[in-house]
Amino acid sequence: MPNRIRRRSAVSCAALVALLTAPVVLAAPASATTTPPVIDFNGDGFADLAISAPNATVSGVGDAGYLSVVYGSSAGADTAHPELITRATEGVPGDVMEYDYFGTWTAARDLDEDGYTDLVVGGYHTPVVLLGSAQGLRGGAAIAGATYQVGAGDINGDGHADLVANTGGSLEVRFGPFTRAGAPTSTDTLAFGDEDGPQGFTVGDVTGDGKDDVVTQHGFEEMQGMSRLWNGTSTGLSRTFQSSGYYTVGGVIADVNNDGYGDFVARQVDHVSEMMEYDAGDIRVIYGSASGFSTRTTKINQDTAGVPGVGEAGDNDADYGDQFGYSLAAGDVTGDGYPDIAVGVPGEDIGSIREAGAVVLLKGRASGLTGTGSQAFNQSTSGVPGASEKGDNFGASVLLADVNANNRADLAVGTPQEDGTYQNSGAAWLLRGSKTGLTTTNIASFSPSTLNEPEKGSRFGANFAR
């Protein structure tokens, strides 16, 4: 699995660069006390999917990248009416450029407060904001300032959506409401040292005070640092942090035990980050409290009671580990009021098929996150379209969103290494949520070829907008 699901540690190779070959686990805004806003670009009440294909050729230009928007409906994903968005789309600022990787990172929120979700989209060049409307996403405006990643939340608790931008050496909070040109009301900057800037971050309300907090991940060269919690305040992010006590990458914040405090769920790694691709994989749950991270914490992996499968590590470039926790998403699949956690296991071997990949659903409950009642799916699972193939890395990206608006989150699974007519064209699956968990009934699968979009080497499904 060389160059497929590796992650670099240096700040200069943070979220943006890593996606040249693999999806980054981006910030997944969540709130302990409120349900995250539905991503609804056309305002019809159904959650929509914005799917990245960062390596696609556009207008004859290689690695230009695009976004595919698949709108939700009462019947699920409306694959008959997708929307293709590139730098060449009318109203989208900027030119189609080689190695732009447009769609590498995204952040979705109603920034101008018109009732439609807007989408911030970035790549190697100027980021843009696309405006939601009754007709879906439409042209927008260029956003000033170079960024490696953007997340969304409400940092100061004033009810307006804010953006948090990682510039490499700082986190910049851009406070809403925003103009339709993407200009914030004000900004606040949290600066780091040159070698201490965040690799990535996660947004959510750990303390349950109605202000979203930020958990940053750190590392330099091949050494990983412990993640840090920065509290949201009425004026921006606090200038002091609380260490998580663990080396983590990626993550989501969700109140898995429904006690009013957001819990941080992330992939736990070793201090030496170059070994990540050989890991069997663990996730670390750190429960929230009014004062931040609590002392209650647990580790879950495929050797945890109730979790399907067996954790398998690798030992060389021909033998990669399962990487349980490579991608994570939170949402209430069963409708019981407890967020569940979808876990991507892209290095999972299915029988003798190496690195075919799988996803596992861990169910939230009053006692917290455990392996009890967990479910696992892969392309060899009965009812799942397709077939497990070597190096597919099924589950390299995951998202939980209620696409058919039945108050149960559905699981979107991205597999950017899936081969179609061409190698690494990519594909996505959508499994329905139900009272008992995920189901393959009425499952949908789609790819660039089925959506009539650029296919060759696109890596469709590298990320989903959150």
Side-chain angles (χ1 to χ4, degrees), residues 25-36 151-155 157 164 200-217 226-232 238 241-269 281-301 304 306-307 324-344 360-374 398-400 409 411 466:
V25 184
L26 296 182
S31 173
T33 54
T34 60
T35 302
D154 184 4
I155 302 300
V164 181
F201 63 89
T202 305
V203 181
D205 187 2
V206 174
T207 60
D209 63 355
K211 302 178 181 68
D212 281 328
D213 312 304
V214 173
V215 180
T216 53
Q217 296 89 51
M226 292 182 179
S227 47
R228 307 170 186 176
L229 172 65
W230 307 83
N231 289 339
S238 61
F241 67 85
Q242 177 187 5
S243 173
S244 71
Y246 297 95
Y247 305 106
T248 66
V249 295
V252 294
I253 297 173
D255 186 7
V256 297
N257 59 350
N258 204 17
D259 66 352
Y261 304 107
D263 309 311
F264 179 54
V265 184
R267 180 182 177 186
Q268 182 175 327
V269 298
D282 305 294
I283 64 171
R284 173 62 59 176
V285 184
I286 305 175
Y287 290 89
S289 73
S291 57
F293 289 144
S294 73
T295 57
R296 183 187 176 192
T297 179
T298 188
K299 183 170 71 174
I300 299 175
N301 54 40
T304 300
V307 177
F324 181 85
Y326 178 80
S327 57
L328 294 165
D332 184 3
V333 171
T334 61
D336 63 358
Y338 295 93
D340 307 304
I341 302 295
V343 183
V360 171
L361 182 73
L362 303 175
K363 295 178 180 177
R365 62 191 71 232
S367 58
L369 202 65
T370 68
T372 302
S374 301
V398 291
L399 176 75
L400 287 170
L411 173 64
R466 304 171 186 265

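Quantities reported herein were computed from a predicted structural model and do not represent experimental measurements.
To the nearest 0.5 Å, atoms OG1 (T202) and CG (D212) are separated by 11.5 Å. How far OH of Y338 is from CG of D259: 9.5 Å, rounded to the nearest 0.5 Å. Here Y287 contributes atom OH and S294 contributes atom OG; the two are 9.0 Å apart, rounded to the nearest 0.5 Å. We find the CD1-CZ distance between I283 and R267 to be 11.5 Å, quoted to the nearest 0.5 Å.
A donor-acceptor pair under 3.5 Å links the side-chain atoms of D205 to the main chain of G210, judged by distance alone. Proximity of a side-chain donor or acceptor of N231 to a complementary backbone N or O of S238 within less than 3.5 Å is not detected. Side chain of S244 to backbone of R228: no donor-acceptor contact under 3.5 angstrom is found. Side-chain N or O atoms of D332 include none that pairs as donor or acceptor with a backbone N or O of P339 at under 3.5 Å. In this structure, K363 contributes its side chain and G373 its backbone to a donor-acceptor pair below 3.5 Å. The closest donor-acceptor contact from the side chain of Q242 to the backbone of F293 lies under 3.5 Å. In this structure a side-chain-to-backbone donor-acceptor pair under 3.5 Å is present from D340 to V333. Looking at D263, its side chain does come within 3.5 Å of a backbone N or O of V256 through a donor-acceptor pair.
When only modelled atom types and interatomic distance are considered, R284 and T297 share a side-chain donor-acceptor pair under 3.5 Å.
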Check your understanding: K211 and D154: side chain to side chain contact (heavy atoms under 4.5 Å, CB included), yes or no, with the steps?
Key -> CA-CA 6 Å; K211 302 178 181 68; D154 184 4; over 6 Å; no
Check your understanding: Can you list the steps and then say if L411 with L361 is a side chain to side chain contact (heavy atoms under 4.5 Å, CB included)?
Key -> CA-CA 9 Å; L411 173 64; L361 182 73; over 6 Å; no
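Scanning all heavy atoms of the two residues, the minimum distance from D213 to G232 falls at OD1-N, 2.8 Å. Of all the heavy atoms in L369 and I300, the pair that sits closest is O-CD1, 3.5 Å. When every heavy atom of I286 is checked against every heavy atom of Y246, the shortest pair comes out as CD1-CD1, 3.8 Å. Between A266 and T248, the shortest heavy-atom distance links the atoms CB-CB, 3.8 Å. Heavy atoms only, all atoms of each residue included: L328 and V252 are closest at O-CG1, 3.8 Å. Across all non-hydrogen atoms, the minimal contact from G371 to T304 is N-CG2, 4.4 Å.
A side chain to side chain contact (heavy atoms under 4.5 Å, CB included) with S227 is found for one member of Y247, F201, F241, F264 and no other, namely F264.
Side-chain atoms of L362 and V343, non-hydrogen and from C-beta on, do get closer than 4.5 Å to each other.
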